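Accompanying notes for the structure given below.
Since the structure is predicted, the reported quantities are computational estimates derived from the model, not experimental observations. Starting from 1, each residue takes its place in the sequence as its number.
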Amino acid sequence: MEKKEIFEQMDELDTRMGQFHTELGALKQRVKQLLEENKRLSLENSQLRKILKRETVPEQAASAARTETAAAKPKRQTEAASYEVSTADHSDGIDPFESSQQAVGEGHDNLARLYHEGFHICNVYYGHLRTEGDCLFCLSFLNK
């Protein structure tokens with residue numbers, strides 16, 4: 001009886017070791033995924049910080065210039081200019097279709113800028129950081 005119990009215990013121990021091994025493999029895979037995601041998010045975060053830093057410096061300078069300019073103008077001139085802008089009609093010869101074509105070009109330029117800053121603009125990975133060079137989907141979208 002003793003030998004049979006020893007073999008049963010060894011078989012049970014072997015089964016538990018197999019389960020532990022499977023569980024350990026799953027945990028290792030999850031840690032690997034988390035480390036990859038962390039690296040990707042760190043890259044994206046640093047890139048977004050660079051973009052924010054680049055955009056806030058000119059914005060601060062422009063707002064300071066606007067503040068100085070606004071303080072120098074008399075109040076009546078500012079009111080007259082805002083009245084002229086608000087009362088202007090569309091009979092000034094500007095074609096509304098032309099402005100919509102300009103907006104389309106502006107959107108394309110924004111997408112091109114995003115792509116060159118390192119983000120996907122394709123429908124497959126839109127908004128994700130490009131980590132492996134150029135994306136054929138994005139490039140085909142830009143060339144349309």
Do side-chain atoms of [X] reach the backbone of [Y] as a donor and acceptor pair under 3.5 angstrom?
X      : Y      : value
His128 : Tyr125 : yes
His120 : Cys135 : no
Asp14  : Met10  : no
Glu117 : Ile51  : no

What distance separates [X] [atom1] from [Y] [atom2], expressed to the nearest 0.5 Å?
X      : Y      : atom1 : atom2 : value
Gln19  : Leu24  : CD    : CG    : 13.5 Å
Asn143 : Cys138 : CG    : SG    : 11.0 Å
Glu37  : Glu44  : CD    : CD    : 10.5 Å
Met17  : Glu12  : CE    : CD    : 13.0 Å
Leu27  : Thr22  : CG    : OG1   : 11.0 Å
Asp11  : Gln9   : CG    : CD    : 11.0 Å

Examine Val124 and Leu129 and state if one hydrophobic cluster contains both, with Ile, Leu, Val, Met, Phe, Trp and Tyr joined whenever side-chain heavy atoms are less than 4.5 Å apart.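 No.
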Answer yes or no: is there a side-chain heavy-atom contact under 4.5 Å between Leu48 and Phe119?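 Leu48 reaches Phe119 side chain to side chain.
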State, yes or no, whether a side-chain contact exists between Gln33 and Arg30 at a heavy-atom distance under 4.5 Å.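 The answer is yes, as the side chains (C-beta and beyond) meet within the 4.5 Å cut-off.
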Can you list the steps and then say if Asp134 with Tyr115 is a side-chain hydrogen bond (donor to acceptor under 3.5 Å, both in side chains)? CA-CA 9 Å; Asp134 289 334; Tyr115 181 76; 3.1 Å; yes
Take atom CG in Leu136; do more than 12 heavy atoms of anything else shown fall under 6.0 Å from it? no
Got a salt bridge between Glu36 and Arg40, using NZ or NE/NH1/NH2 to carboxylate O under 4.0 Å? no
Verdict with reasoning, Asp109 to Arg113, per side-chain contact (heavy atoms from CB on, under 4.5 Å): CA-CA 6 Å; Asp109 291 344; Arg113 180 181 52 84; over 6 Å; no
Verify side-chain contact (heavy atoms from CB on, under 4.5 Å) between Phe141 and Leu111, making sure each step is shown before the conclusion. CA-CA 10 Å; Phe141 184 76; Leu111 287 174; 3.4 Å; yes
